[in-house]
Amino acid sequence: MSLGGGVRTQQGNPEFVSLETPNADYASEKKKSLRVRYIYGIIFLMTNLIAWFLRDYGQRIVPQLHYLKSCGAGGQDCFHALGVLRVSLGCFIFFFLMFLCTSRTRKLHEPRNVWHSNWWSLKFIVFIVSMLVPFFFPPALIQLYGEFARAGAGIFLLLQLVSVIQFISWWNKYWMPDEKMKQSCSLGLFTSTIFYIASFCGIGLMYSLYVPKVRCVLNIFFISWTLILLIVMMVVSLHSKVNRGLLSSGIMASYVVFLCWSAIRSEPVTEKCSARKEESGNSDWITILSFLIAICAVVMATFSTGIDSQSFQFRKDKVKEEDDILYTYGFFHLTFSLGAMYFAMLFISWNLNNSATKWSMDVGWTSTWVKIFNEWFAATIYLWTLISPVVRQAKIQDHEGVVVQEANDSAIP
């Protein structure tokens with residue numbers, strides 16, 4: 001009786017319940033939430049492959065789409081660019097629904113955490129339905145989504161840029177933890193030297209490959225301006241008032257050179273200054289390998305940006321509790337939904353009426369200028385991150401000087 005009464009007393013005591021709740025296995029829930037990120041990444045990779053398949057081989061291998069009224073005569077409106085947009089819309093719908101369902105998740109014991117990490121049978125059904133529904137939409141609605149996807153892809157590029165800059169800052173702090181010890185960090189100095197050597201070698205290589213003639217004025221401008229940006233970033237980072245060292249600017253220089261190279265590589269094959277025309281006669285495996293690497297790069301960029309929600313938080317001093325989620329689920333799924341728009345733009349080269357050749361991605365003047373503007377914007381944002389602390393400190397000192405001066409003036413009788 002006493003044992004039974006004791007149990008009843010404990011069950012009826014709210015303090016006992018509150019003491020038992022924190023004993024839940026949060027560690028296993030955290031591991032599960034980390035593992036499911038890779039499942040979502042695989043789903044995103046699958047949609048990329050489906051979009052490529054419909055663009056290049058769908059008309060020949062999936063003739064069943066010819067019978068859908070929304071696909072038009074011969075199914076033309078479900079292949080090529082519109083086929084890519086339909087797959088992209090399906091991927092966007094799935095991840096945007098996941099964003100709506102998980103956007104306010106904070107704790108591991110919430111039902112929305114269970115939905116994010118479990119219920120895969122139901123989510124598989126939701127994914128299939130999301131992918132099929134766009135194929136019943138009229139072409140006009142798909143075209144409208146394409147216009148919307150351009151803006152979404154631009155937002156994705158901006159998020160990716162912020163994530164890259166934050167990663168560079170973290171890497172610089174990791175190798176250069178103490179401002180006073182920077183000169184003695186031989187490994188950091190060696191790494192920065194490697195990055196700068198690679199950047200300058202990349203500039204020289206682009207001049208030799210993509211400026212076969214003096215008439216290639218545009219390529220000369222692209223490469224020369226990249227060289228100027230590289231030098232400016234190095235000089236500003238070494239300025240006595242900034243004093244940020246060479247490591248972060250070296251990494252950023254390599255990233256800027258890569259964007260310039262990627263932009264020039266996106267120039268149409270018909271251009272006389274494009275090296276892709278000369279490479280078109282090479283073995284097909286080079287083209288196929290480049291295409292597969294590009295798809296993996298898109299997936300990795302989306303995945304890394306999605307898990308980097310801390311770079312976009314205004315308050316970073318919040319103390320993590322034991323039952324807090326490890327990353328922001330809503331931001332993770334929102335990034336993947338924007339990534340769905342981004343890979344659509346890459347497959348159709350930002351042109352809604354594009355009929356891309358097989359095994360090609362992000363080729364055309366629109367793609368070239370998008371990457372060039374992204375490069376310039378990246379360099380501008382990075383330079384501002386170097387200069388803004390100096391400007392802010394100068395304003396604080398000016399304000400303090402004014403306050404002191406006013407105090408002195410008021411003290412004079």
Side-chain angles (χ1 to χ4, degrees), residues 157-172 175 188-212 216-239 242 244-268 271 273-276 278-279 286 289-290 293-294 296-298 300-301 304-305 342 346 361-387:
L157 286 175
L158 179 61
L159 295 178
Q160 182 184 2
L161 175 60
V162 173
S163 180
V164 168
I165 293 178
Q166 289 294 328
F167 172 75
I168 292 174
S169 300
W170 170 84
W171 201 352
N172 184 67
W175 291 111
L189 182 61
F190 173 76
T191 306
S192 60
T193 303
I194 293 297
F195 275 110
Y196 267 109
I197 291 176
S199 301
F200 284 111
C201 289
I203 293 290
L205 191 61
M206 284 192 292
Y207 272 122
S208 63
L209 291 178
Y210 302 121
V211 190
C216 300
V217 179
L218 190 60
N219 285 357
I220 294 175
F221 169 70
F222 287 159
I223 302 171
S224 301
W225 187 250
T226 301
L227 178 61
I228 293 173
L229 291 175
L230 191 154
I231 296 174
V232 169
M233 288 188 295
M234 180 174 64
V235 171
V236 171
S237 63
L238 289 177
H239 194 276
V242 177
R244 293 286 292 272
L246 289 175
L247 182 57
S248 63
S249 59
I251 301 171
M252 194 64 194
S254 299
Y255 181 65
V256 167
V257 170
F258 167 76
L259 288 177
C260 180
W261 170 80
S262 180
I264 297 177
R265 284 279 299 171
S266 294
E267 292 178 358
E271 293 299 316
C273 299
S274 174
R276 298 181 72 253
E278 300 174 3
E279 296 171 0
I286 299 179
L289 182 61
S290 301
I293 292 175
C296 292
V298 173
M300 289 301 299
S304 60
T305 306
Y342 178 63
L346 295 185
M361 179 184 287
D362 209 18
V363 176
W365 281 118
T366 305
S367 299
T368 298
W369 282 106
V370 166
K371 293 178 181 179
I372 286 295
F373 283 124
N374 189 32
E375 173 200 344
W376 296 347
F377 190 66
T380 303
I381 293 296
Y382 176 74
L383 288 173
W384 174 245
T385 60
L386 297 178
I387 299 173

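Position 1 is the first residue of the sequence; numbering continues from there. Remember, predicted model here, so these are calculated numbers, not experimental data.
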Under 3.5 Å, which donor-acceptor pairs do the side chains of residues 250-257 form with other protein atoms, sequence neighbours left out?
from, atom 1, to, atom 2, distance (Å)
Ser254, OG, Phe195, O, 3.3
Ser254, OG, Ser199, OG, 3.1
Ser254, OG, Gly250, O, 3.2

Is there side-chain contact between Leu259 and Lys371, with at least one heavy-atom pair below 4.5 Å?
no
Donor + acceptor pair across side chains of Ser249, Ser237 (<3.5 Å)
yes
Check whether the ring centres of Trp261 and Phe222 lie less than 6.0 Å apart, and answer yes or no.
no
Any chance CZ of Phe258 has more than 12 other-residue heavy atoms, nucleotides or ligands included, within less than 6.0 Å?
no
Value for CD1 (Ile220) from CE (Met206), rounded to nearest 0.5 Å, stands at 13.0 Å
Decide yes or no on side chain to side chain contact (heavy atoms under 4.5 Å, CB included) for Ile264 and Ile223, but give the supporting numbers first.
CA-CA 9 Å; Ile264 297 177; Ile223 302 171; 3.7 Å; yes
Show your working on side chain to side chain contact (heavy atoms under 4.5 Å, CB included) between Glu267 and Asn219 and close with a plain yes or no.
CA-CA 10 Å; Glu267 292 178 358; Asn219 285 357; 2.4 Å; yes
Mind listing the closest non-hydrogen atom pair of Ala263 and Thr368 along with its distance?
O-OG1, 3.2 Å
Looking only at heavy atoms, what is the nearest atom pair of Ile203 and Leu227, with distance?
CD1-N, 4.1 Å
I'd like to check the side-chain contact (heavy atoms from CB on, under 4.5 Å) partners of Ser248; sequence neighbours left out, ordered by chain and number.
Ile168, Asn172, Tyr382
Report yes if the side chains of Val370 and Leu157 come closer than 4.5 Å at any heavy-atom pair, otherwise no.
yes
Of all heavy-atom pairs between Pro268 and Val363, which one has the smallest distance, and what is that distance?
CA-CG1, 4.3 Å
Heavy-atom pair of closest approach, residues Ile165 and Ala378
CD1-O, 4.3 Å
Give me the atom names and distance for the closest heavy-atom approach of Leu230 to Tyr196.
CD2-CE2, 3.8 Å
Residues that Ile228 engages under side-chain contact (heavy atoms from CB on, under 4.5 Å), provided they are two or more places apart
Trp225, Val232
How close do Glu375 and Thr226 get, counting heavy atoms only, and between which atoms?
OE2-OG1, 2.6 Å
Decide if atom CZ of Phe221 counts as having more than 12 heavy atoms of other residues, nucleotides or ligands within a radius under 6.0 Å.
yes
